[in-house]
Amino acid sequence: MRPTKRLFGLPRGASLTRVCFAALMVAFVSAGPVSAQEQEKQEQQKSYNEQVRKNTWSIYAQGGVSGASGLWYPNISASMFHNVAPAVGLGVDYNICPRVRVGVDYLFSRYTRQQRFLTVMDREDPTHLLYSDYKVNYHNAEATGQFSFLNPKRKKATWLNLYLGTGVGFMFARGNEYDITASTTVTNNNEVPKNVTTEVVVNNTTPSNTTIDAKLNGKNVATKFNQFYVPAIFTIEADVTRQFTVGLKGQANFAIARNDLAPKYTYYGLLTLRYNFVESSASLRAKDFARKLDDANGRINGLQNDLAAQKALAERNANEVANLKGQLANLQNDLDECNKKPVAPPVHHIVRFDKASHVVGKHEDEWLRAFLRRYPGKTLSLTAEASLEGETVYNQLLSERRLMSVLDIITDEGISAEVEQQTAIGADNKIDSPEGRRVIVYVK
């Protein structure tokens, strides 16, 4: 088992907690109360956020640098920057609402290290590592959920978003380790092996037989490991348009159930380019213009219909005015003719009654019938009266009875359908004499 040595450190849990808490406090303090004057602008912001970041999908590409720490590989005669390697990936997100989104993504990065040792020969260590090269490809697949801690109802910049997120991921890594080692063996004896004989002079004394065996060994080992991890994600994004968004993403992965070869922590600094599956501003403007054009056409058609109706009404009114003017002229002519001629009293007949009686006497009956026979087919009008001797209510009832008596005679003559008007007025004429006890029959 190889020893584990962390190449560079990760911020402590307490420090990370303080940083996150400070960021959240700044976000809450910066969100001030909403004034009434900004209500309309907030409605527009709400509409934008709901159109772009509610029940919508997006895809994105990401690229940048990656790093790892907590590796087993020793840091000997190698640059610290060998920990930094390129990283690329793709992802898909679904916006549940303007503040919450979930998604999956894939991220590829490569870790590489080379070790070069200065001391080649060491008599105390007959086997010595001269050179080592270690390359591993990291394939990360993760499912995440992210929360925007900028309130979309209060923030003024709808195009800017800050997300914090986490989830679960799985890393499957495949790599290769190549080592070159040197081994030496030094022996002194009288027998000199064939092919390897070296004379060595020590302290200017007599030469002796010395044998040195040197070997170079190369080892190429394929390595692989798999592990689960928990990502911590911070992303700042800005909308270039409704459909395109650019952002900077920082991510740290914390290994779960790590083995000796796997890194304890991996880090990523990435640039993201996102495409949102929403309608473009031009398409929305075109639809808005089309809707406004339809509304304008509808209003124009309505006004044209109203204008046609008003014209038809005006024509009818003009015709009626012309007819009324003609009738008025005719009436004026008739009035002028009437004014030229003496007005003859209307033809009428008076039926007399005894005091407090509604019975038509014999002679009155005969006279009434004779009058009616003189004007067959004419329209009649009746007015019944009473004198002032009695009470008002009594006089009214008495005039009504007298009216009914005359109507009975008219009905008996068979011309009841030609009676146009019948009125009982009691003693309204205020005649205090027998002249008031009557029913007047007018012929029109």
Side-chain angles (χ1 to χ4, degrees), residues 305-444:
N305 294 333
D306 292 342
L307 180 60
Q310 293 296 330
K311 285 183 177 180
L313 180 61
E315 291 178 358
R316 289 196 300 269
N317 291 337
N319 293 332
E320 291 180 3
V321 168
N323 293 331
L324 291 175
K325 285 183 178 180
Q327 294 177 10
L328 181 60
N330 294 333
L331 291 174
Q332 186 65 41
N333 292 334
D334 294 340
L335 180 60
D336 294 339
E337 292 294 331
C338 290
N339 290 332
K340 293 177 182 180
K341 298 178 181 180
V343 179
V347 179
H348 66 282
H349 176 76
I350 299 176
V351 182
R352 307 287 182 179
F353 291 88
D354 293 335
K355 181 179 180 180
S357 174
H358 64 278
V359 179
V360 179
K362 180 180 179 181
H363 295 294
E364 294 291 339
D365 184 284
E366 292 175 353
W367 295 337
L368 175 60
R369 291 178 187 273
F371 174 79
L372 294 174
R373 293 189 192 102
R374 289 168 55 189
Y375 301 99
K378 297 293 184 178
T379 302
L380 305 179
S381 177
L382 307 180
T383 302
E385 302 180 26
S387 59
L388 289 175
E389 286 86 354
E391 297 292 334
T392 301
V393 176
Y394 176 77
N395 288 336
Q396 180 64 35
L397 293 175
L398 183 58
S399 65
E400 293 175 0
R401 293 190 187 100
R402 288 170 177 169
L403 178 63
M404 295 304 297
S405 297
V406 173
L407 283 174
D408 290 340
I409 296 172
I410 295 173
T411 303
D412 187 50
E413 286 296 321
I415 59 172
S416 60
E418 298 181 13
V419 177
E420 180 185 61
Q421 183 177 0
Q422 43 185 308
T423 307
I425 64 174
D428 289 350
N429 284 336
K430 302 185 183 304
I431 301 176
D432 190 13
S433 66
E435 295 296 329
R437 307 165 195 159
R438 62 186 179 181
V439 173
I440 304 175
V441 180
Y442 294 96
V443 177
K444 293 185 178 181

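Quick caveat: nothing in here was measured; it's all calculated off a predicted structure. Positions are given from 1, in the same order as the sequence printed here. For the numbers below, each heavy atom of this structure counts, side chains included, while hydrogens, waters and symmetry mates do not.
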Qualifying residues under side chain to side chain contact (heavy atoms under 4.5 Å, CB included), relative to [X], sequence neighbours excluded:
X      : answer
Gln327 : Leu324
Asn317 : Leu313, Glu320
Ala427 : Leu388, Asn395
Thr423 : Gln421, Ile425

Requested in this report: Could you grab the distance from atom CD of Glu364 to atom CD1 of Ile409, nearest 0.5 Å is fine?
Outcome: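 Glu364 CD to Ile409 CD1: 9.0 Å, rounded to 0.5 Å.
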Query - Gap between atom OG1 of Thr383 and atom CG of Asp428 - 0.5 Å precision - result: 11.0 Å
Query raised in the report: Glu400: what forms a side chain to side chain donor-acceptor pair (under 3.5 Å) with it, not counting sequence neighbours?
Result: Gln396
Requested in this report: Would you please name every residue forming a side chain to side chain donor-acceptor pair (under 3.5 Å) with Glu315, sequence neighbours left out?
Outcome: none
Query raised in the report: Would Tyr375 and Val347 count as a side chain to side chain contact (heavy atoms under 4.5 Å, CB included) if you check the C-alpha gap in whole Å, the side-chain angles of each, and the deciding distance to 0.1 Å?
Result: CA-CA 10 Å; Tyr375 301 99; Val347 179; 3.2 Å; yes
Report task. With sequence neighbours excluded, give me every salt bridge (charged side-chain N to carboxylate O under 4.0 Å, His left out) pair touching residues 432-444. Result -> Arg352-Glu435, Glu385-Arg438, Glu389-Arg437, Glu420-Lys444
Quick one: closest heavy-atom pair of [X] and [Y], and the distance?
X      : Y      : value
Ser399 : Ala386 : CB-N, 4.4 Å
Leu403 : Ala384 : CB-CB, 3.7 Å
Phe353 : His358 : CE2-O, 3.4 Å

Query raised in the report: With His349, which residues qualify under ring pair (Phe, Tyr, Trp, His ring centres under 6.0 Å), at least two apart?
Result: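 Scan of His349 (ring pair (Phe, Tyr, Trp, His ring centres under 6.0 Å), adjacent residues dropped) gives Phe371.
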Requested in this report: May I have the step-by-step check of side chain to side chain contact (heavy atoms under 4.5 Å, CB included) for Leu397 and Arg401, ending in yes or no?
Outcome: CA-CA 6 Å; Leu397 293 175; Arg401 293 190 187 100; 3.9 Å; yes
**Report entry** Within 6.0 angstrom of Asp408 CG, more than 12 heavy atoms from elsewhere
**Finding:** yes
Report task. Using modelled atom types only, decide if a donor and an acceptor are shared between the side chain of Thr411 and the backbone of Leu407 within a distance under 3.5 Å. Result ->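 Looks like yes, one N/O pair under 3.5 Å.
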Kindly write out the residues that satisfy salt bridge (Lys or Arg N to Asp or Glu O under 4.0 Å) with [X], not counting sequence neighbours, or none if the list is empty.
X      : answer
Lys355 : none
Arg316 : none
Asp365 : Arg369
Glu391 : none

Report task. Carefully, step by step, assess Leu380 and Leu372 under the rule side chain to side chain contact (heavy atoms under 4.5 Å, CB included). Result -> CA-CA 9 Å; Leu380 305 179; Leu372 294 174; 3.7 Å; yes
Requested in this report: Compare all side-chain heavy atoms of Val406 with those of Leu368 and state whether any distance is below 4.5 angstrom.
Outcome: yes
Query raised in the report: Between Leu382 and Ile440, does a side chain to side chain contact (heavy atoms under 4.5 Å, CB included) hold up when you go through it step by step?
Result: CA-CA 6 Å; Leu382 307 180; Ile440 304 175; over 6 Å; no
